[in-house]
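As structure tokens, the structure follows; a few thoughts come after it.
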Number of protein chains: 2
Amino acid sequence: MPVTIYDVAKKAGVGIGTVSRVINNSPRITRKTKAKVLRAIRELNYQPHTSAQSLARRKANTIGCIIPYFAGYFYSELLHGIQRKLREFEYALILYSVDIQQSKEFFLRRALQERRVDGILFVSMEISQRYVDKFLSTGLPIVLVNSFHSALDSITVDSTEGAYIATKHLIELGYTRIAMIDGQLKSIPARLRFEGFKKALQQHGFHFDKRYFVVCDFSEEADGFNKEAGYLAMQKLLDLGEEMPRAVFVSSDIQAIGVMQAIKERDFVVPDDIAIIGFDDIELAQYVGLTTMRQPILEMGELAVKRLMERIIRKDRSEFKHNFRTQLVVRESCGAYKNK
Amino acid sequence: MPVTIYDVAKKAGVGIGTVSRVINNSPRITRKTKAKVLRAIRELNYQPHTSAQSLARRKANTIGCIIPYFAGYFYSELLHGIQRKLREFEYALILYSVDIQQSKEFFLRRALQERRVDGILFVSMEISQRYVDKFLSTGLPIVLVNSFHSALDSITVDSTEGAYIATKHLIELGYTRIAMIDGQLKSIPARLRFEGFKKALQQHGFHFDKRYFVVCDFSEEADGFNKEAGYLAMQKLLDLGEEMPRAVFVSSDIQAIGVMQAIKERDFVVPDDIAIIGFDDIELAQYVGLTTMRQPILEMGELAVKRLMERIIRKDRSEFKHNFRTQLVVRESCGAYKNK
DNA sequence: TAGTTAACTGGAAGCGCTTCCAAGTATATT
DNA sequence: AATATACTTGGAAGCGCTTCCAGTTAACTA
């Protein structure tokens, strides 16, 4: 019933090889033959069968994106960038969203063997050495986004520097009792941000007070990067009473939202009583006047696709690393404007 | 190099047909043979080639989702629901994101002929009669989400009722000079929401004043459902001076954000000077205290997949329509709490 | 025990394409 | 004009699966 390459060949009065060459823009074809075939294609409204092409070409013209169950600005925006760049190539995007730990590996395994995708974008998750080896040995292109592994292409954000800048910002505004609220330390960004925080303190002659460092490990499942965790963490700091910090670097904006809620509930005011600086610059941040570190999310998505395509199309095997820098976005939550 | 069904067959000492039957869970196979084959599969780490399966089965085990270039809570959340439900089936999701008008048709055409997907979720866009006919004649399953066509399965939100409830809420709070800011009327929801607005006014004995109805048609490309458009529209209303409305129903939360900005800039206060009610209940709404109409976005996504799968798997050809109801979420922007 | 019947199993054919090779055709060279 | 050379073209083979048909084996039945 559906029209195949044979129908087109018959209609155009040529062989199927010729039709195939036209479809694939082969140069070895006369202008005249090409015109004939194109007309037949148009008249029959022919479109090649993707699966048949994939099978014969041993190439799917599709990439996969393995991404945590996204509900949030970061993933939405990243996907936006990915799609935008992907449009330049005639590739489809298959989305694998990961909810539980186990399914991450499940998708990786499938991606490696189903031959349904020509490459993988692996977002915001750690990849085990076992799979790193598999990707290296099969040669299936993979790019890590917002994640890092020394042997694989990685696109990251310089969390350490971002945290350093954020902390420094607080220091320069004159705050001295500075705390940090972090995500769970099993997360790489959480660790890096902690490092940047410590470095800034140290380089400015502050000593690190562990009462002023709260990790959001209130729940097993989550990674601590959420509103509720921020809320709980801030309560711990507020419980210090007189000793409570006067400025807090929070490892993500979404946590900072919870933090601000906790502060408000105790009738303190941001930034008058406590200054808050976040990380991410999610959409919400501007509405609550949160000073934060912006990540170039859209650009990350675009670069990820660009790089993955180089691996796929040009078979570029060199090792690619890119560390995006964050940018300080000053709003009201640290009192920067008031101090002037 | 990659392991095929022949390798498995040889290793297990059976025919390829038998291996295929094991893969596809055919019942006509003895327990013993099955065990042999399964062992071989495991030992060789075999995984069927998806494209080959699609070709032979004439079935892709994949659905496509044609969705406006999403950057926003609505689409992110919808996709979330879609993925969640899709996990119950062993189907992959291909994302086609539409930026320009033309590409919508481009994807529809491809979906119809590439045989790469077994069904389509078509989100938030109008579909031309031409394509409706094509889908009906080819029988390729399609479900419209947040969009409507009499001849196709449609999952919608009752915009008219939502607008009616929102407007009624304002009326019941005692406001009399009530305006509406709407998206461009080429959009169906914009028209429906306008209808609900008018109906509420009428049923409560108000007359419709066209100075109090502003359509966001400031730009050709966009549909008016954005912050900037809301901002500009509100300025128009504020320009009425003494005559300006005391309450505004805004057709979407994101516009309402712009509206609130405009109000603030002129040193008016929400809700004291002007009450604002939105539509959508985006994440932001709770942070700015915006009273609004909530749409069950996640449920829409899940239902869409459920229905599409019924069409695909059970070949259910009946016509399906579902109109979700919205729900009033009262926050501070209408002064509801104050009036008590 | 022989004859039926039912249940498995093997593998050829076919899904719709790409690609390689051989054959055909046009063009250049002597 | 005859030959060598360079392009084009047709179509068989093959990509890795499913499925149908025929053959084989096991399970009943009389």
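Naming convention: chains lettered A, B, ... in sequence-line order (proteins, then strands); numbering from 1 in each chain.
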Integer-rounded Å distance: D/dC17 P and A/Gln113 CD: 12 Å

Separation of D/dT9 C1' from A/Arg31 CZ (nearest whole Å): 18 Å

Base C/dG10 to side chain B/Arg21, donor-acceptor N/O within 3.5 Å cut-off: yes

Exam field: side chain B/Glu88 to backbone B/Lys306, donor-acceptor pair closer than 3.5 Å: no

Spacing of A/Leu55 atom CG relative to C/dT18 atom C1', expressed in whole Å: 10 Å

C/dT18 OP1/OP2 closer than 4.0 Å to side-chain N/O of A/Gln53: yes

Touch class at under 4.0 angstrom, heavy-atom based, for B/Thr4 against every strand present: sugar-phosphate

Strand contacts (DNA chain C) in residues 32-43 of chain A, 4.0 angstrom heavy-atom criterion: none

Atom-to-atom span, CD1 of B/Ile16 to P of C/dG10 - whole angstrom: 10 Å

Aromatic plane relationship, B/His322 with B/Phe320 - under 30° parallel, 30 to 60° tilted, over 60° perpendicular: parallel

A/Ser26 side chain to A/Asn24 side chain, donor-acceptor N/O pair below 3.5 angstrom: no

Candidate nucleotides C/dC8, D/dT9, C/dG16, ranked by approach to the side chain of A/Thr30 - the nearest: D/dT9

Donor + acceptor pair across side chains of B/Thr62, A/Arg116 (<3.5 Å): yes

For the student: nearest non-hydrogen atoms of B/Glu90 and B/Asn61, plus distance: O-ND2, 3.5 Å

Comparing B/Tyr46 and A/Gly15 on DNA chain D - which has the more 5′ nearest nucleotide: A/Gly15

Nearest-angstrom distance from the residue atom CD of B/Gln47 to P of D/dC17: 10 Å

Selection from C/dC15, D/dG10, C/dT18 that lies nearest to any side-chain heavy atom of B/Arg58: C/dC15

Spacing of NZ belonging to A/Lys134 relative to CG belonging to A/Leu140, to within rounding of 0.5 Å: 12.0 Å

Residue A/Thr18, side-chain atoms from C-beta onward, closest of C/dC17, D/dG10, D/dT18: D/dG10

Rounded distance (Å) that lies between atom C1' of D/dG14 and atom CD1 of B/Ile5: 16 Å

Distance, rounded to the nearest Å, where A/Asn25 contributes CG and C/dC17 contributes P: 16 Å

Side-chain-base donor-acceptor pair under 3.5 Å for A/Arg116 and D/dG16: no

Nucleotide C/dT18, atom P - distance to CG of A/Asn61 in whole Å: 11 Å

Under 3.5 Å: donor-acceptor pair, side chain of A/Ser54, backbone of A/Thr50: yes

NZ (B/Lys10) with more than 12 external heavy atoms under 6.0 Å: no

Selected nucleotide, minimal atom distance to B/His49 side chain, candidates D/dG16, C/dC17, C/dT18: D/dG16

5′-ward residue of the pair B/Pro27/A/Asn24 relative to DNA chain C: B/Pro27

Closest to side chain of A/Ile29, choosing from C/dG16, D/dT18, D/dT9: D/dT9

Under 4.0 angstrom between A/Ser54 side-chain N/O and D/dC15 OP1 or OP2: no

